[in-house]
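Report on the structure given below.
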Amino acid sequence: MGSSSKRASDQAVFAQIDRIRAHRRTFGALARRLVTDVVETVAPDGPLVEVGAGDGQLHAWLPDSARARLLCTEPRGVGLGRLQAAGIEAQRASADALPVSDGSTAAVLGLCVLDVVQRPEAVVAEFRRVLRVGGHAIHWLDMTTELGPALLELQPTGGVTLPNVFGDPSRTTWPEDLFVVPGEQLDLILEVLQRAAHAAEPVLRRYRQRFARPFSVTRATAAFNALNDDPQTRPMLRQAFSEAMRLASPAERTRLRGFQGRPMSSSAFLAARLQRLFSEGFAIVHNAIISVGEVQPRTEDGAGYRSLVAGASRTLPSPPSERLDASAPLPGAEQRLVELGMHTFVARRMS
Ligand SMILES: C[S@@+](CC[C@H](N)C(=O)[O-])C[C@H]1O[C@@H](n2cnc3c(N)ncnc32)[C@H](O)[C@@H]1O
């Protein structure tokens, strides 16, 4: 990559980090509680190294006792500049080449990083090098995971991955943010919509072409993100699917009913991938969503409930019957319940 396109890519990553920061604000105290609890339990003493520190979000959540023994690392100049400007001890390094000696580290920490690294096997080998025996790799994911690896795994199925607009992704423990539609089903829907000159047909057809095998994972991911970020998408997709059912001939309707689209969770894909990546030389101590909740003063939006679980967010007038954190108190009239679920992965170096 040339230096100007490298700069542009760095700027794009950090523009995204700025957006993430804004989303995280409501959940900051909960994140601090969750992260502190894990670090104080798993790595109460000894040197800590953070990988892909970005602009220092995890550093801000960690307790003073952990910050005092933490070295932040970040490969991108923009991030390093921000960390150093904030007075945080940081070095420029990729997670697969850390500036610390063999067996020196009590825990390697990362927040929303292991899903984006290009060479995850090399990163895991590097963690194993720097960790002392009995030391831990700890990774949290509070926002949406990078989708590419999941799309690559799904490629052989011939399915087309859409944002899950057909149900509430937050209904399940692992948020089902994806909906995988069999390619043949989507082709039939497109045929029906084309016949009716339905306005959504060209958009859906272009999208479907991004998933024609063998597809470029980068381009398919970009198409997914563009669709997912468009506020019109949810009603448009739902309407197109139900219109196709209505407009289909009886024979087509029978065929459409025979297909099984599946909701899936991108964070569960990451959990399975980490399980595989850390299968040698490590024991996996934890690989699940940890949820915490608290009551806050209600804001102008009037909502009595907000949640964020691995990127899936919910704003409701009042708390749902099943809360994520059963021990969280119920909100009073001028209050709201806020809950945060983070995918928390902990692996111990065994040899
Ligand atoms: C989604 S951002 C998360 C940043 C920060 N941890 C946070 O959660 O706010 C991903 C970060 O991983 C970094 N990154 C990408 N590839 C990396 C690698 N091979 N080694 C270390 N960090 C990497 C990026 O520069 C970026 O800072």
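Sequence positions, counted from 1, serve as the residue numbers for this chain. Remember, it's 1-based here, ligands and their atoms both numbered in the order they're listed.
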Is atom CZ of Arg219 surrounded by more than 12 heavy atoms (other residues, nucleotides or ligands) closer than 6.0 Å? no
Fill in: Polar contact flag, side-chain donor to acceptor under 3.5 angstrom, Gln155-Glu153
no
Residues at least two apart in sequence or cross-chain that pass salt bridge (Lys or Arg N to Asp or Glu O under 4.0 Å) with Asp187, listed by chain then number, are Arg208
So side-chain hydrogen bond (donor to acceptor under 3.5 Å, both in side chains) across residues 221-247, not counting sequence neighbours, yields His198-Gln239, Glu243-Arg246
Side chain to side chain contact (heavy atoms under 4.5 Å, CB included) filter on Arg205, not counting sequence neighbours, yields Leu190, Gln194, Glu201, Gln209
Provide, line by line, the atom pairs where ligand 1 and the protein bring an N/O atom each to a distance under 3.5 Å; else say none.
{"residue": "ligand 1", "atom": "6 (N)", "partner": "Gly52", "partner atom": "O", "Å": "2.8"}
{"residue": "ligand 1", "atom": "6 (N)", "partner": "Leu111", "partner atom": "O", "Å": "2.8"}
{"residue": "ligand 1", "atom": "8 (O)", "partner": "Arg24", "partner atom": "NH1", "Å": "3.4"}
{"residue": "ligand 1", "atom": "8 (O)", "partner": "Arg24", "partner atom": "NH2", "Å": "2.9"}
{"residue": "ligand 1", "atom": "8 (O)", "partner": "Leu111", "partner atom": "O", "Å": "3.2"}
{"residue": "ligand 1", "atom": "9 (O)", "partner": "Arg24", "partner atom": "NH1", "Å": "2.8"}
{"residue": "ligand 1", "atom": "19 (N)", "partner": "Ser94", "partner atom": "OG", "Å": "3.3"}
{"residue": "ligand 1", "atom": "20 (N)", "partner": "Ala95", "partner atom": "N", "Å": "2.8"}
{"residue": "ligand 1", "atom": "25 (O)", "partner": "Glu74", "partner atom": "OE2", "Å": "2.6"}
{"residue": "ligand 1", "atom": "25 (O)", "partner": "Arg76", "partner atom": "NE", "Å": "3.1"}
{"residue": "ligand 1", "atom": "27 (O)", "partner": "Glu74", "partner atom": "OE1", "Å": "2.7"}
{"residue": "ligand 1", "atom": "27 (O)", "partner": "Glu74", "partner atom": "OE2", "Å": "3.4"}

Side chain to side chain contact (heavy atoms under 4.5 Å, CB included) test vs His139 passes for just one of Asn287, Leu114, Val108, namely Leu114
